[in-house]
Amino acid sequence: MIWLTWRQFRAQTIVTAAFLAVLAVALLVTGLNLAHLYNASGLATCHGSSCGTFASNFISEVKGGLSEKVFYAGIYIVYAAPAIIGMFWGAPLIAREIEAGTFRLAWNQSVSRSRWVVVKLGLIGLAAMVTAELLALLTSWWASPVYQAASAARSDSLSIARIAPPLFGAQGVAPIGYAAFAFTLGVTAGLLIRRTIPAMAVTLAGFALVQIAWPNWVRPHLMSPVRESAPFSIGRLDEVMIGNGNQMIVGDTASKPGAWILTNQAVKPDGQPFTGPPTHACLSQGMQACNASIARLHLRQVIAYQPASRFWSFQLYETAIFLVLAVALAAFCAWWIRHRRLT
Amino acid sequence: MTAVLESSGLSKRYGRRQALTDCTLSIPSGHVTGLVGPNGAGKTTLLNLAVGLLQPTSGKIEVLGGQPASSSEQLARVGFVAQDTPTYGGLSVADHLKLGAHMNPGWDNELAERRITQLGLDPAQKAGKMSGGQRAQLALTLAVAKRPELLILDEPIASLDPLARREFLQVLMEATAEQELSVVMSSHLVSDLERACDYLIVLVASRVRLAGEVDQLLATHWQLTGPRCDPAALPDDWQVISASHTDRQSTLLVRTSGPVADPAWAADHIGLEDLVLAYMSQPAPQPARTATPSMEAQR
């Protein structure tokens with residue numbers, strides 16, 4: 001059974017290994033260049049407050065160049081990998097056997113159907129998880145100077161929140177969970193739809209939906225966010241928006257470097273969110289008068305956020321949840337194959 | 001002698017369509033059994049039940065004394081060539097033999113390779129590039145080389161040209177002679193089975209109409225021609241399968257275990273093909289009568 005799995009999966013393995021090798025070489029070349037930049041910037045040997053300037057210089061050198069493109073390309077690749085695995089490894093796995101009728105050949109060798117499905121899902125699922133994690137490790141290694149510089153910069157404008165989307169899902173161990181889930185999602189779609197191409201489309205759509213919905217509506221609630229309230233500071237004023245219909249919105253920068261800011265609101269002394277009306281000074285006078293009038297409103301800034309220190313807790317939660325989902329889908333497939341007809 | 005396939009009250013329904021109804025059979029071992037019937041009669045359903053690709057809606061089926069596909073040991077005892085003889089298009093002939101070797105503990109590699117050589121198949125050729133006949137031969141080789149006790153073939157020759165058909169049956173006959181193999185194969189072409197089979201099952205409209213050893217079936221069926229008669233006046237032990245009447249003459253196909261003694265009737269033996277056609281074209285029998293053929297088959 002292991003031989004058959006390997007033989008049927010050989011072409012995909014070769015393609016994937018070749019892709020990983022090419023990508024590794026490309027990242028190695030550009031990554032060494034980036035490391036050289038990093039060392040040359042003085043960041044590697046700096047002490048104390050001078051580091052901030054070095055970091056800013058380094059980051060502005062990275063920005064706008066090839067390195068920035070590679071940085072984002074790496075993130076896209078890590079996000080795309082599970083979807084591609086689900087479509088091209090998962091969906092055809094059983095759908096193609098059904099289309100060609102070959103499951104009737106496979107299931108009449110001296111190997112039970114349960115073993116057939118366990119070995120296939122187990123081995124290829126493992127390959128999916130290893131591939132996704134290799135990609136995440138490669139791109140994270142590449143980006144590590146950028147992250148280090150961002151944390152050395154200690155400035156709100158240069159901070160990079162690794163716990164916030166979209167960076168979070170492209171790092172750590174979470175890609176393992178996504179890959180396992182996308183793969184089993186593809187297998188399940190193929191088993192139920194019984195045709196490869198529609199199953200691939202459903203897999204892509206389903207996984208994309210999860211990837212959009214999850215960070216927006218589920219992940220923020222995995223741990224209850226930290227809430228903080230502080231006097232509204234004109235010094236950190238970030239936005240003043242005056243809309244028609246007597247509305248005015250003001251906002252302070254949330255000074256939490258590396259944190260995932262979930263909400264950031266200006267509230268009135270009675271605790272209600274401030275939405276207007278616009279102060280007279282802001283409507284008719286200059287900026288300074290406007291700022292002074294905002295200060296007289298005695299607003300408070302209320303933020304809810306996930307601190308950077310929770311990065312690994314979130315990673316472990318998320319990976320565990322997606323692995324459990326993957327196991328549930330795999331168990332469903334095994335049950336279906338045992339108890340439902342495919343002919 | 002033990003039965004290779006034993007079923008009682010076996011039924012299978014797909015939604016509202018009854019694919020197999022109350023099938024009670026006992027096929028003794030050591031036979032090449034032909035399963036005939038028109039398209040859609042339930043042949044594939046019965047064979048898929050026998051290899052465990054389907055689960056019965058009601059009733060029981062045992063193959064070689066065990067539940068179909070219940071364990072790897074059970075799977076090893078039954079070889080199956082499915083309809084349209086599926087093979088992996090991207091795998092070569094040699095790969096298929098490796099597949100067989102890796103997935104069957106009783107694999108006879110020497111036998112498999114000998115057959116491939118005899119058939120003139122190129123081990124390096126991909127199955128997807130072979131003709132239908134070659135694929136059927138490859139599928140049969142896989143099923144035979146796992147050394148099963150029972151070989152089940154579902155319309156293996158339907159898609160083959162006459163020459164490939166003859167070759168396939170020849171290979172099959174050689175394999176059964178060498179390996180003391182029991183075979184159950186379905187076809188809607190009686191002429192194919194006539195050469196190969198010594199046991200016959202006729203399946204029409206989801207029901208078993210006739211089952212028995214070919215010799216016995218031929219010995220107990222008579223084509224009778226005689227003066228026009230009243231069907232009610234015929235002897236009790238005559239089972240009339242078909243009857244046609246003209247003004248003065250009646251022609252009957254009758255099943256009876258005894259000899260036809262009445263000199264008024266001219267009795268002739270009937271060929272297997274005519275016999276099967278008579279059962280296949282017989283109108284759906286009354287429920288009371290349906291049981292008779294299958295009951296007799298049990299003896």
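Heavy atoms only: backbone and side chains are in, while hydrogens, waters and symmetry mates are out. Proteins come first, then strands; the chains are lettered A, B, ... in the order of their sequence lines, and each starts at number 1.
- No part of B:E73 comes within reach of chain A, as not one of its non-hydrogen atoms sits under 4.5 angstrom from that chain.
- Within a 6.0 Å sphere centred on CZ of B:R13, other residues, nucleotides and ligands contribute 12 heavy atoms or fewer.
- Closest heavy-atom contact between B:L53 and A:F103: CD2-CE1, 4.3 Å.
- Residues of residues 115-143 of chain A lying under 4.5 angstrom from chain B, judged on non-hydrogen atoms, do not exist here.
- Proximity to chain B involves both the backbone and the side chain of A:A106, based on heavy atoms less than 4.5 angstrom apart.
- Of the possible donor and acceptor atoms, one in the side chain of B:K146 sits under 3.5 Å from a partner among the backbone N and O of A:N108.
- Heavy-atom neighbours of B:R114 CZ from other residues, nucleotides or ligands within 6.0 Å: above the threshold of 12.
- With A:R104 contributing its side chain and B:N48 its backbone, the two residues share no donor-acceptor pair below 3.5 Å.
- Between A:M1 and B:H102, the closest side-chain pair of non-hydrogen atoms is not below 4.5 Å.
- Side-chain contact between A:R96 and B:Y88: absent, with no pair of heavy atoms (C-beta onward) separated by less than 4.5 Å.
- Looking only at side-chain heavy atoms (C-beta outward), B:L142 and A:L105 come within less than 4.5 Å of each other.
- Within a 6.0 Å radius of CZ in A:F9, more than 12 heavy atoms belonging to other residues, nucleotides or ligands are found.
- Interface remark: B:V81 contributes no atoms to any contact with chain A (heavy atom separation under 4.5 Å).
- Taking a 6.0 Å sphere around CZ of A:R7, one finds it holds more than 12 heavy atoms contributed by other residues, nucleotides or ligands.
- Once rounded to the nearest 0.5 Å, the distance linking CE of B:M103 with CD1 of A:I2 reads 11.0 Å.
- More than 12 heavy atoms of other shown residues, nucleotides or ligands fall within 6.0 angstrom of atom CD in B:E178.
- Contact annotation: the side chain of B:L75 never approaches that of A:Q109 to less than 4.5 Å [non-hydrogen atoms, C-beta and beyond].
- Applying the salt bridge (charged side-chain N to carboxylate O under 4.0 Å, His left out) definition to pairs two or more places apart or across chains, none involves residues 47-67 of chain B.
- At least one donor-acceptor pair closer than 3.5 Å links the side chain of B:N104 to the backbone N or O of A:S110.
- The heavy-atom pair separating B:A69 from A:R113 by the smallest distance is CB-NH2, 4.1 Å.
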